[in-house]
Amino acid sequence: MNNKQINFNTARFITSAPDINQMPADSGIEIAFAGRSNAGKSSALNTITQHKSLARTSKTPGRTQLINVFELSEGKRLIDLPGYGYAKVPEEMKLKWQQALSVYLQQRESLRGLVVLMDIRHPLKDIDQQLLQWASESQLPVLALLTKCDKLKPGPRKSEVLKVREAVTLFGGDIRVESFSSLKGLGLDRAREILSEWLLQDDEPADLADGETA
């Protein structure tokens, strides 16, 4: 595996799209972040990029229902998908979004990886499992980040990670499971390593971000 790494600090906001059809051109490489509304997705994005408010965090789960696009460098993007599973959204809207999400995961050519964020205390809800199934069927690699892992002591934390790793084998495909804490920075290096691997997969050696600084 290549040990080169992307400089995530260069992330900048490009646009918010109301739906999949209004996203930037389907070229380059992008990695999408998806998770339930209370899984800490925005906090994880902010921690990975070292920007305090790149992705807006809200005390009202489900408030952000736009697709937010962040560019790291030309042709390399992070996609912040709307939080799913929020209770106050009408059922019809939930179903419409799930359908659009399925199309995005299965047809977006530039999508090279999916980060699924789950609260380590409540992993693998039905919609999480559906996401993992879609990704597996689309031969899309997945990084399952078990967030808020600082809420558990090291023993139970390790046990939960092993339990989820065992559970996701049922979906087949390339699914890696790691613990993560935005608050403590736990799992940050490992997350960046995997994201860099995906983002740099098409690069020639001369283009790799070796020792670059913002």
Side-chain angles (χ1 to χ4, degrees), residues 6-90 93-119 127-128 130-131 134-135 138 140-145 147-148 180-183 188 191-192 194-196 198-199 214:
I6 288 282
N7 181 1
F8 289 94
N9 300 25
T10 60
R12 62 191 184 96
F13 173 77
I14 296 297
T15 188
S16 287
D19 57 52
I20 307 283
N21 297 326
Q22 296 183 50
M23 290 181 65
D26 191 1
S27 62
I29 294 179
E30 62 191 32
I31 294 173
F33 285 66
R36 289 175 62 81
S37 298
N38 56 357
K41 178 166 56 67
S42 295
S43 296
L45 265 166
N46 290 340
T47 299
I48 288 168
T49 60
Q50 295 294 289
H51 287 269
K52 289 184 178 178
S53 57
L54 183 77
R56 291 181 182 175
T57 56
S58 171
K59 293 189 177 176
T60 307
R63 172 176 278 176
T64 306
Q65 293 173 35
L66 296 172
I67 302 165
N68 294 310
V69 180
F70 306 104
E71 187 177 71
L72 294 164
S73 60
E74 188 174 352
K76 299 187 193 301
R77 299 178 297 275
L78 301 180
I79 310 297
D80 182 13
L81 298 170
Y84 53 76
Y86 30 87
K88 295 181 181 178
V89 171
M93 190 180 291
K94 286 185 191 176
L95 293 173
K96 184 179 178 184
W97 171 243
Q98 283 180 237
Q99 185 178 11
L101 181 59
S102 174
V103 169
Y104 171 69
L105 293 177
Q106 295 175 56
Q107 296 182 12
R108 185 81 169 168
E109 292 292 330
S110 55
L111 181 63
R112 302 299 177 81
L114 175 68
V115 181
V116 178
L117 298 105
M118 301 178 282
D119 187 322
I127 186 69
D128 299 323
Q130 193 172 5
L131 256 184
W134 284 335
S138 305
L140 188 67
V142 174
L143 170 59
L145 281 186
T147 61
K148 307 182 185 181
F180 189 86
S181 167
S182 295
L183 188 65
L188 176 58
R192 284 177 165 177
I194 293 169
L195 298 183
S196 292
W198 292 344
L199 288 162

Could you please spell out the steps behind the side chain to side chain contact (heavy atoms under 4.5 Å, CB included) verdict for L188 and Q50? CA-CA 10 Å; L188 176 58; Q50 295 294 289; 4.0 Å; yes

Decide yes or no on side chain to side chain contact (heavy atoms under 4.5 Å, CB included) for W198 and V115, but give the supporting numbers first. CA-CA 11 Å; W198 292 344; V115 181; 4.3 Å; yes

Where do F70 and H51 land on the side chain to side chain contact (heavy atoms under 4.5 Å, CB included) test, with the steps shown first? CA-CA 12 Å; F70 306 104; H51 287 269; over 6 Å; no

Between K41 and D80, does a salt bridge (charged side-chain N to carboxylate O under 4.0 Å, His left out) hold up when you go through it step by step? CA-CA 8 Å; K41 178 166 56 67; D80 182 13; 2.5 Å; yes

Going through the distances and angles, do L195 and F33 end up as a side chain to side chain contact (heavy atoms under 4.5 Å, CB included)? CA-CA 11 Å; L195 298 183; F33 285 66; 3.9 Å; yes

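Not one N or O on the side chain of S110 forms a donor-acceptor pair closer than 3.5 Å with the backbone of D26. Put simply, the side chain of R192 gets close to the backbone of I48: a donor and an acceptor are under 3.5 Å apart. The closest donor-acceptor contact from the side chain of S16 to the backbone of N68 lies at 3.5 Å or more, if one exists at all. Between the side chain of D128 and the backbone N or O of L131 there is no donor-acceptor pair closer than 3.5 Å. Formation of a donor-acceptor pair under 3.5 Å by the S102 side chain with backbone atoms of Q98 is not found in this model. Checking side-chain atoms of T147 against main-chain N and O of M118 turns up a donor-acceptor pair under 3.5 Å. Side-chain atoms of K76 come within 3.5 Å of backbone atoms of L199 as a donor-acceptor pair (strictly under, hydrogens ignored).
Taking CD1 from I6 and OG from S73, the interatomic distance works out to 5.5 Å, rounded to the nearest 0.5 Å. Summarising the geometry, atom CZ belonging to R77 is positioned 9.5 Å from atom CD1 belonging to I29; distances are rounded to the nearest 0.5 Å. Here the straight-line distance linking atom CG of N38 with atom CG of L117 works out to 11.5 Å at 0.5 Å rounding. Between L114 atom CG and W134 atom CH2 the span is 10.5 Å, to the nearest 0.5 Å. Between T49 atom OG1 and L78 atom CG the span is 7.5 Å, to the nearest 0.5 Å. Here L72 contributes atom CG and F8 contributes atom CZ; the two are 6.0 Å apart, rounded to the nearest 0.5 Å.
Heavy-atom minimum distance, G113 versus L140: N-CD1, 3.6 Å. Residues S37 and G83 approach most closely at OG-C, 3.6 Å, considering heavy atoms.
Annotation: Q99, atom CD; neighbour count of heavy atoms from other residues, nucleotides and ligands within 6.0 Å does not exceed 12.
You'll find the side chain of I127 reaches within 4.5 Å of the side chain of R36, heavy atoms only. Looking at heavy atoms from C-beta onward, L66 lies out of side-chain contact with P82 at the 4.5 angstrom threshold. Side-chain contact between Y104 and I67 is absent, with no heavy atoms from C-beta onward closer than 4.5 Å. Side-chain contact check for P24 versus T15: some heavy-atom pair is nearer than 4.5 Å. By the 4.5 Å heavy-atom criterion applied to side chains, R108 and I79 are not counted as neighbours.
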